[in-house]
Amino acid sequence: MIPISDNIRFRSKPIINYWLIGVNIAVFLWELQLEFSDALGYFVNSWGVIPAQISGAITNAILFNNSAAWIIVIWRAFSLIFAIFLHGSFSQILGNLLFLWVFGKTVENILGHGRYLGFYLTAGILTGVVQILAEPSLTVPLIGANGAIAAILGAYIIKFPKAKIDTILPLIILYIPIELPAFFYIFWWFVQQLFYGIGSLNIPPVGVNQSGVVFWGQAVGLLIGAAFMRFKR
């Protein structure tokens, strides 16, 4: 099932959503260039969220008052933001941007441009923090906008539980247009995560996102978005 658009219309243009899509595409093209030059592994391991490095640096900084460790903590804190715009495969970025296109524009019109950007970044950061707490010894980089987009989906469902999503159902060589309830895409969001290994980039030494904590991090993002929309004023 490929979501195309919803049946909710607003006059305001979702400029932040357009900007986010553009930045994600630009960064992914940069990743492809780095892959061709064999520099992608170093780049992703430098700017992806690596729980073991962050938790280890925080431990050294607090227990041993290590000033060098505090520098690592600050540097790695920026990775919580930067990792949101990194993706490890063609299927991951295509799936994420498709959901961002369909659901993000409506959420932006509800929240307004500035608050929507803050919501997107905050949800992505909080998802990363939860993943670190869930598996602090993980040495594999965690990257992707999955948490932020899951939060957008959660916010959308709370605000528009009865919305209909224009969808294309591919059947071999046929493409059948149908309408599906927005609630269906909570289920479909998690199903499509299973296919995010398709078209993976070569990111040595061990790849990215190789942990079950990534999958459950999306559930946290979904709850963050739903809670925010439920209690926002």
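Here the structure is a predicted model, which means the values were calculated and not measured.
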Item to check | Evaluation steps, side-chain contact (heavy atoms from CB on, under 4.5 Å), between Val27 and His87 | outcome: CA-CA 9 Å; Val27 172; His87 290 85; over 6 Å; no
Checklist entry - Any side-chain heavy atom of Ile4 within less than 4.5 Å of one from Trp101? => result no
Next on the checklist: If you compare all heavy atoms of Gln218 against all heavy atoms of Asn146, which two are closest, and at what distance to 0.1 Å?
Outcome noted: OE1-CB, 2.6 Å
Next on the checklist: Could you go through Asn209 and Ile143, starting from their C-alpha distance and side-chain angles, then the distance that decides it, and tell me whether this counts as side-chain contact (heavy atoms from CB on, under 4.5 Å)?
Outcome noted: CA-CA 7 Å; Asn209 299 337; Ile143 61 175; 3.9 Å; yes
Item to check | For Leu142 against Pro51, the heavy-atom pair lying closest together | outcome: CD1-CG, 3.9 Å
Checklist entry - Is the closest side-chain heavy-atom distance between Tyr185 and Leu180 below 4.5 Å? => result yes
Item to check | Criterion side chain to side chain contact (heavy atoms under 4.5 Å, CB included) against Val49, the qualifying member of Leu138, Leu80, Val140, Val129 | outcome: Leu80
Checklist entry - For the atom pair CG (Leu153) and CD1 (Ile158), what is the distance rounded to the nearest 0.5 Å? => result 10.5 Å
Item to check | Name of the residue among Ile16, Leu98, Leu100, Asn96 meeting side chain to side chain contact (heavy atoms under 4.5 Å, CB included) with Ile21 | outcome: Leu100
Item to check | Ring geometry between Trp188 and Phe184 (parallel below 30°, tilted from 30 to 60°, perpendicular above 60°) | outcome: parallel
Checklist entry - Taking the side chain from Glu179 and the backbone from Lys164, do they hold a donor-acceptor pair closer than 3.5 Å? => result no
Checklist outcome for this item: Nearest heavy-atom approach of Lys105 to Ser5 is NZ-OG, 3.8 Å
Item to check | Separation of Ser12 OG from Glu108 CD (nearest 0.5 Å) | outcome: 6.5 Å
Next on the checklist: Please evaluate residues Val23 and Tyr18 with respect to the criterion side-chain contact (heavy atoms from CB on, under 4.5 Å), reporting the C-alpha separation (whole Å), side-chain torsions for both, the decisive distance (0.1 Å), and the verdict.
Outcome noted: CA-CA 9 Å; Val23 170; Tyr18 294 156; over 6 Å; no
Item to check | ILVMFWY network linking Ile93 to Val191, side-chain heavy atoms under 4.5 angstrom | outcome: yes
Next on the checklist: For Phe85 and Trp19, take the angle between the two ring planes, folded into 0 to 90°, and tell me which bin it lands in: parallel under 30, tilted 30 to 60, perpendicular over 60.
Outcome noted: perpendicular
Checklist entry - Short question: side chain of Glu35, backbone of Asn202 - any donor-acceptor pair under 3.5 Å? => result yes
Checklist entry - Between Met229 and Ile110, is any pair of side-chain heavy atoms under 4.5 Å apart? => result yes
Checklist entry - Pick one: which of Ser200, Ser89, Pro141 meets side chain to side chain contact (heavy atoms under 4.5 Å, CB included) with Val208? => result Pro141
Next on the checklist: Tell me if a side-chain donor or acceptor on Arg230 pairs with a main-chain N or O of Gly225 at a distance below 3.5 Å.
Outcome noted: no
Checklist entry - Does the side chain of Gln53 reach to within under 4.5 Å of the side chain of Ile72, using non-hydrogen atoms? => result no
Next on the checklist: Classify the ring geometry of Phe10 against Phe160: parallel below 30°, tilted from 30° to 60°, perpendicular beyond 60°.
Outcome noted: perpendicular
Item to check | Over all atoms of both residues, closest heavy-atom pair of Phe119 and Ala151 | outcome: CZ-O, 3.5 Å
Checklist outcome for this item: Tightest non-hydrogen contact, residues Ala61 and Val73, listed as CB-CG2, 4.4 Å
Item to check | Closest non-hydrogen atom pair, Tyr116 against Gly104 | outcome: OH-CA, 3.3 Å
Checklist entry - Is it true that a side-chain atom of Asn45 and a backbone atom of Pro204 form a donor plus acceptor pair closer than 3.5 Å? => result yes
Next on the checklist: If you apply the rule side-chain contact (heavy atoms from CB on, under 4.5 Å), what do you find for Phe228 with Leu111, and how did you get there?
Outcome noted: CA-CA 11 Å; Phe228 176 83; Leu111 300 180; 3.6 Å; yes
Checklist entry - When rounded to the nearest 0.5 angstrom, what is the spacing between OG in Ser55 and CD1 in Ile50? => result 11.0 Å
Next on the checklist: Let me confirm one number: the CD1-OG1 distance from Ile224 to Thr127, rounded to the nearest 0.5 Å.
Outcome noted: 4.5 Å
Item to check | Leu126 side chain near Val130 side chain, heavy-atom distance below 4.5 Å | outcome: no
Checklist entry - Do Leu86 and Phe99 share a hydrophobic cluster, counting only Ile, Leu, Val, Met, Phe, Trp and Tyr and linking them when any side-chain heavy atoms are less than 4.5 Å apart? => result yes
Checklist entry - Is it true that Ile198 and Phe90 fall in one hydrophobic cluster, defined by side-chain heavy atoms closer than 4.5 Å? => result yes
Item to check | With sequence neighbours excluded, residues passing side chain to side chain contact (heavy atoms under 4.5 Å, CB included) with Phe183 | outcome: Ile157, Pro161, Ile186
Item to check | Minimum side-chain heavy-atom gap Ile152-Thr106 below 4.5 Å | outcome: no
Checklist entry - Do the ring planes of Trp30 and Phe43 sit parallel (below 30°), tilted (30 to 60°) or perpendicular (above 60°)? => result tilted
Next on the checklist: Between Asn17 and Tyr120, is there a side-chain heavy-atom distance shorter than 4.5 Å?
Outcome noted: no
Next on the checklist: Rounded to the nearest 0.5 Å, what separates atom CG in Asp6 from atom OG1 in Thr167?
Outcome noted: 10.5 Å
Checklist entry - Going through the checks in order, is the ring pair (Phe, Tyr, Trp, His ring centres under 6.0 Å) test met by Phe78 and Phe82? => result CA-CA 6 Å; Phe78 283 103; Phe82 203 86; 10.0 Å; no
Checklist entry - With hydrophobic residues grouped by side-chain heavy-atom distances under 4.5 Å, do Leu40 and Leu29 end up in a single group? => result yes
Next on the checklist: What I'd like to find out is whether the side chain of Ile81 reaches to under 4.5 Å of the side chain of Ile125, using heavy atoms alone.
Outcome noted: yes
Checklist entry - In terms of hydrophobic clustering (I, L, V, M, F, W, Y; side-chain heavy atoms under 4.5 Å; direct or indirect links), are Phe187 and Tyr156 co-clustered? => result yes
